[in-house]
Amino acid sequence: MALLNILHFPDPKLRTIAKPVTLFDGELKQFVNDMFETMYEAPGIGLAASQVDRHIRLLVIDVSDKGDAPRCFINPEILEADGEGRMDEGCLSIPGYYEPVTRANHIRVRAQKVNGDFFEVEAEDLEAVCIQHEMDHLLGKLFVDYLSPLKRSRIRSKLLKQKKQA
C-alpha cells in the first residue's frame with residue numbers, strides 16, 4: 001500500500017470532472033486500498049479520487065467513531081435526496097477550515113463495489129453529508145463553493161500564503 005498525494009485548494013486539478021470507472025481489476029483494488037490508507041493517515045472521514053489527482057468516479061468514506069467501517073463507492077449516483085440539514089464541513093484538500101454547508105440529510109445512493117457489483121444504500125446525517133461532499137469532488141466542486149465569494153477568497157488567500165511560507 002502507498003500514501004497518495006492530496007491536492008490542495010486552489011489547485012485547478014481539483015476542478016476536473018471525473019470519468020466513470022469501466023475496468024474493475026487488481027489495479028483498481030490496489031488504488032482503493034491506497035485511498036483508504038491515505039484517508040486514515042490524513043486523518044479524514046472521506047476522500048475522492050479527484051483529490052489525489054486520479055479523475056475517476058470513486059470515493060471512500062468511513063464515518064465510524066473507531067475508523068472500522070470503510071465503504072467504497074464507485075460510479076455513485078444519488079437516487080433520492082430529502083430533508084435538509086446544516087453541518088460544519090472540512091476537507092482534506094482545504095486543511096484547517098470548517099464552515100457550515102446545507103445539504104440533504106437523507107439520501108439513497110446507487111454505486112458499484114470494487115468488483116463491479118452494484119449496490120444501493122440509504123445514508124443519513126453525517127454519512128449522507130460525507131457522501132454528498134465527496135461526490136461533489138467528482139464533479140469538480142468544493143465545499144467552499146457553497147460559501148460567499150468573500151469567504152472563499154479569504155480561505156484561498158490564506159492557503160496560498162501558507163503554501164508560500166512552507
Asker: Taking side chain as C-beta onward, heavy atoms only, is Val101 less than 4.5 Å from Met87?
Answerer: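 Answer no - side chains too far apart.
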Asker: Could you tell me whether Phe143 and Tyr97 have their ring centroids closer than 6.0 angstrom?
Answerer: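 Judged by ring-centre distance (under 6.0 Å), Phe143 and Tyr97 do not meet the cut-off.
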Asker: Using the rule that two of Ile, Leu, Val, Met, Phe, Trp, Tyr join whenever any of their side-chain heavy atoms come within less than 4.5 Å, decide whether Met135 and Phe119 are in one cluster.
Answerer: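 Yes; tracing contacts between hydrophobic side chains, which count when under 4.5 Å, links both residues.
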Asker: How close do Pro76 and Ala111 get, heavy atom to heavy atom, and via which atoms?
Answerer: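 Answer, listing the atom of Pro76 first, then Ala111: CA-CB, 3.9 Å.
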Asker: Any heavy-atom pair between the side chains of His137 and Leu59 that's under 4.5 Å?
Answerer: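 Leu59 vs His137: side chains apart.
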Asker: Side-chain contact, heavy-atom cut-off 4.5 Å: Leu14 with Ser50?
Answerer: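 They are not in side-chain contact.
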Asker: Less than 4.5 Å apart, any side-chain heavy atom of Cys72 and any of Lys113?
Answerer: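 In short, these two side chains do not touch, never coming nearer than 4.5 Å.
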Asker: Do you know the tightest heavy-atom contact between Met35 and Ala48?
Answerer: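 Scanning both residues completely, I find the closest heavy atoms to be CE-C, 3.5 Å.
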Asker: Going by heavy atoms in the side chains, are Asp34 and Leu3 under 4.5 Å from each other?
Answerer: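 Asp34 vs Leu3: side chains apart.
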Asker: Could you state the interatomic distance from CG (Leu47) to OG (Ser93), rounded to the nearest 0.5 Å?
Answerer: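 Here the interatomic distance stands at 7.5 Å.
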Asker: Test: side chain to side chain donor-acceptor pair (under 3.5 Å). Region: residues 76-86. Which pairs qualify, not counting sequence neighbours?
Answerer: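 Listed by first then second residue: Glu80-Arg108, Asp82-His106, Arg86-Thr102.
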Asker: Do His8 and Leu159 come close enough that some side-chain heavy atom pair is under 4.5 Å?
Answerer: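 In short, these two side chains do not touch, never coming nearer than 4.5 Å.
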Asker: How about Pro70 and Val60: do any of their side-chain heavy atoms sit closer than 4.5 Å?
Answerer: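 Heavy-atom side-chain distance check fails, nothing below 4.5 Å.
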Asker: Treat each ILVMFWY residue as a node, draw an edge where side-chain heavy atoms are under 4.5 Å apart, and state whether Val52 and Ile131 are in one component.
Answerer: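 Different clusters.
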Asker: Taking Gln132 for its side chain and Ala128 for its backbone only, find out whether a donor-acceptor pair lies under 3.5 Å.
Answerer: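 The answer is yes, because a donor-acceptor pair under 3.5 Å joins these two groups.
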Asker: Is the positively charged end of Arg110 above the ring of Phe118, judged by distance under 6.0 angstrom from the centroid and angle within 45° of the axis?
Answerer: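 Satisfied, under 6.0 Å and within 45°.
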Asker: Should Leu4 and Ile74 be regarded as members of a common hydrophobic cluster, given that ILVMFWY residues are connected when their side-chain heavy atoms come within less than 4.5 Å of each other, either directly or indirectly?
Answerer: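 Same hydrophobic cluster.
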Asker: Can you list the steps and then say if Gln30 with Asn33 is a side chain to side chain contact (heavy atoms under 4.5 Å, CB included)?
Answerer: CA-CA 5 Å; Gln30 181 59 54; Asn33 289 336; 4.3 Å; yes
Asker: According to side chain to side chain donor-acceptor pair (under 3.5 Å), does anything in residues 36-47 pair up with another residue at least two apart or in another chain? List the pairs.
Answerer: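 The answer is Tyr40-Asp62.
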Asker: For residues 150-166, which residue pairs qualify under side chain to side chain donor-acceptor pair (under 3.5 Å), counting only residues two or more places apart or in two chains?
Answerer: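 Counting only pairs at least two positions apart or across chains, the side chain to side chain donor-acceptor pair (under 3.5 Å) contacts touching residues 150-166 are Glu99-Lys151.
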Asker: Could you report the tightest heavy-atom contact between Val121 and Arg71, atom names first, then the distance?
Answerer: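 The answer is CG2-NH2, 3.1 Å.
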Asker: Taking a hydrophobic cluster as the set of Ile, Leu, Val, Met, Phe, Trp and Tyr residues connected by side-chain heavy atoms closer than 4.5 Å, whether directly or through intermediates, do Ile45 and Leu92 fall within one such cluster?
Answerer: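 In one cluster: no.
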Asker: What pairs meet the salt bridge (Lys or Arg N to Asp or Glu O under 4.0 Å) rule with one or both residues in residues 137-146, with sequence neighbours excluded?
Answerer: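 Passing the test, one end in residues 137-146: Arg15-Asp145.
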Asker: Can you find a pair of side-chain heavy atoms, one from Val129 and one from Asn105, that are under 4.5 Å apart?
Answerer: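 With C-beta onward as the side chain, the pair stays apart.
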Asker: Do Ile107 and Ile61 share a hydrophobic cluster, counting only Ile, Leu, Val, Met, Phe, Trp and Tyr and linking them when any side-chain heavy atoms are less than 4.5 Å apart?
Answerer: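 Yes, because Ile107 and Ile61 connect within a single hydrophobic cluster, where side-chain heavy atoms sit under 4.5 Å apart.
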Asker: Could you pull out the closest heavy-atom pair between Ala49 and Leu138, with the gap in Å?
Answerer: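 Heavy atoms only, the tightest pair is N-CD2, 4.4 Å.
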Asker: Step through the shown structure and confirm whether more than 12 heavy atoms of other residues, nucleotides or ligands are within 6.0 Å of CG on Asp65.
Answerer: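 Atom CG in Asp65 is not packed in, count stays at 12 or less.
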Asker: Which pair of heavy atoms, one from Leu147 and one from Pro100, lies closest together, and at what distance?
Answerer: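 Reported closest heavy-atom pair: CD2-O, 4.1 Å.
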Asker: Using a 3.5 Å cut-off and no angle test, enumerate the donor-acceptor pairs between side-chain atoms of residues 16-25 and protein atoms at least two apart in sequence or in another chain.
Answerer:
residue, atom, partner, partner atom, Å
Thr16, OG1, Lys13, O, 3.0
Asp25, OD1, Glu27, N, 3.2
Asp25, OD1, Leu28, N, 2.9

Asker: My understanding is that only residues two or more places apart in sequence, or in another chain, count here; which of them pass salt bridge (Lys or Arg N to Asp or Glu O under 4.0 Å) with Asp136?
Answerer: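 Result, salt bridge (Lys or Arg N to Asp or Glu O under 4.0 Å) vs Asp136: Arg103.
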Asker: Minimum heavy-atom separation for Ala69 and Ser64, please, with both atom names.
Answerer: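 Taking Ala69 first and Ser64 second, the nearest heavy atoms are N-OG, 3.5 Å.
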